[in-house]
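Naming convention: chains lettered A, B, ... in sequence-line order (proteins, then strands); numbering from 1 in each chain. The structure presented is a predicted model; accordingly, all values stated were derived computationally and were not measured.
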Number of protein chains: 2
Amino acid sequence: MEPDERRDLAAMLYPLVRALIEVEMPVLATQDVSMWGYSVLAALDRTPIRTQAALAEAIGADKTRIIGTLDALQEAGLISRTPDPDDRRARLLAITDEGRRVRRSVTADIRAREERLLATLPAADRRGFLRALTALSALPPGELEEIAAGPVSGSPRSPA
Amino acid sequence: MEPDERRDLAAMLYPLVRALIEVEMPVLATQDVSMWGYSVLAALDRTPIRTQAALAEAIGADKTRIIGTLDALQEAGLISRTPDPDDRRARLLAITDEGRRVRRSVTADIRAREERLLATLPAADRRGFLRALTALSALPPGELEEIAAGPVSGSPRSPA
DNA sequence: TATTGTTATACTCTATAACTATA
DNA sequence: TATAGTTATAGAGTATAACAATA
C-alpha cells in the first residue's frame, strides 16, 4: 500500500474553496449581501462587538477593509452602528432583526447545498472530514503554522 | 443532539488554506520557486504537456497568467520549453532533472509539515479528512457546483 | 479564418500610510 | 500621546482584449 500518494493539502483545498465560494455567490446575491457582509452578519449573530477593529480581527479581515461593508449593511438596515456613550471613538456593533433574518436565510440555503455535496461521501469520511475541519479551523491564529513548523530546539520561554 | 451546529464550509476552509499557504511559502523560498511555479513543476512531473494553454487549464490558471512563471522556470533550468516541430505555434513543455529534484525536495518538506498538522487529529478523522478531500478535489471542473445546486427538473438531455 | 503564445490594459482585492476625532 | 475610525494611495493578483506568428 502507498498511503502517501496524495497531492498537497493546499493544492486540493485551494480549488475546493474557490468552488464553494462559487456555490455561495448566487445565494448571497438573492439577499443582496456580499461575502464579507455575510461574514459580518454571522459574527454579529453570535455576539455583539464593541469596536470595528475587533470585528475585523474576528473575521480575519483588516479594519480598513470592512468599512465599506459596514456602510452597506447599515444602509440596508441589517446592522446597527452606534457610538459608544462611554467612549465616543468606538462604534457599538449589533445585528438587527432584519439582519438576523437575512443571515438565517442565507445560512439555511448554503447548508442545504453543502449537505448535497457531503451526501456524495461515505458517512464515515463525511464525519471525519467535518470533525477534522472543525478542529483545524478552531486553532488560534498562528497556531497551525507553529505546529507545522515543528518542535523548536532551545528554551521555549523568555527569548530575551 | 444538534449535529448541524457548525460553521459554513467555506468559512472554515478559507482561513485554513491561507494558513497552509503561509506554511508553504518559506519552503518554496528555500528553492526559489513561486507558488504557481511549484504548481507547474508538480503538473509536469506527472506528465509532459504539449501546449501552455493545456498546462494552464490543468493547474486551474489562465494561459496569460503562467507566462511569467514559465519564463522564470525556464530561466532557472527547471523546465524545458521547445517549439513543436510538427506545429511551430505550440511549445512542448517538460520538467528537467533539476526541476524534478527541486519539486521532490519541496514536496517532501511540505509533506513533513502537513503530517505534523494531521498528527494532531484522531486517526479516524485524519483518514476521513484525507479521503473526503481527495474525492471532492477529484471532481471534474463545475461538477461540484452542479451537485450543490441540486437536481434539476425537466429533461436533462438535448436542451435545445 | 482559426489557433498558440504573447503583450497591454483594466479591474478587483488587499495592504500601508496618512488623516480626524476623541480620549 | 495614544486609540478608533476613516480616507487615500499603492501594490499584488487576476481577467479581458488586442496582437504577432503559424497553421
What is the distance, to the nearest angstrom, from the [atom1] atom on [X] to the [atom2] atom on [N]?
X     : N      : atom1 : atom2 : value
B/I21 : D/dG13 : CD1   : C1'   : 12 Å
B/R88 : D/dA21 : CZ    : C1'   : 9 Å
B/W36 : D/dA15 : CH2   : C1'   : 13 Å
A/M35 : C/dT12 : CE    : P     : 15 Å
A/R18 : C/dC13 : CZ    : P     : 13 Å

For the residue pair [X] and [Y], establish whether any side-chain heavy-atom pair is separated by less than 4.5 Å.
X      : Y      : result
B/M12  : A/L136 : no
A/V106 : A/L41  : no
B/Y38  : B/V27  : no
A/L118 : A/L121 : yes

Legend entry - Which atom of A/R7 lies closest to which atom of B/R111, heavy atoms considered: C-NH2, 3.8 Å
Inset, instruction - Could you pull out the closest heavy-atom pair between B/A19 and A/L144, with the gap in Å? - result: CB-CD2, 3.8 Å
Inset, instruction - Considering just the side-chain nitrogens and oxygens of B/R91, establish if one lies under 4.0 Å of OP1 or OP2 belonging to D/dT22. - result: no
Inset, instruction - Pull out every residue in residues 40-75 of chain A that has a heavy atom closer than 4.0 Å to any atom of DNA chain D, ordered by number, or say none. - result: A/T51, A/Q52, A/A53, A/K63, A/T64, A/I67
Inset, instruction - Look at the side chain of B/R89 and the base of C/dT3, then say whether one donor and one acceptor between them are separated by less than 3.5 Å. - result: yes
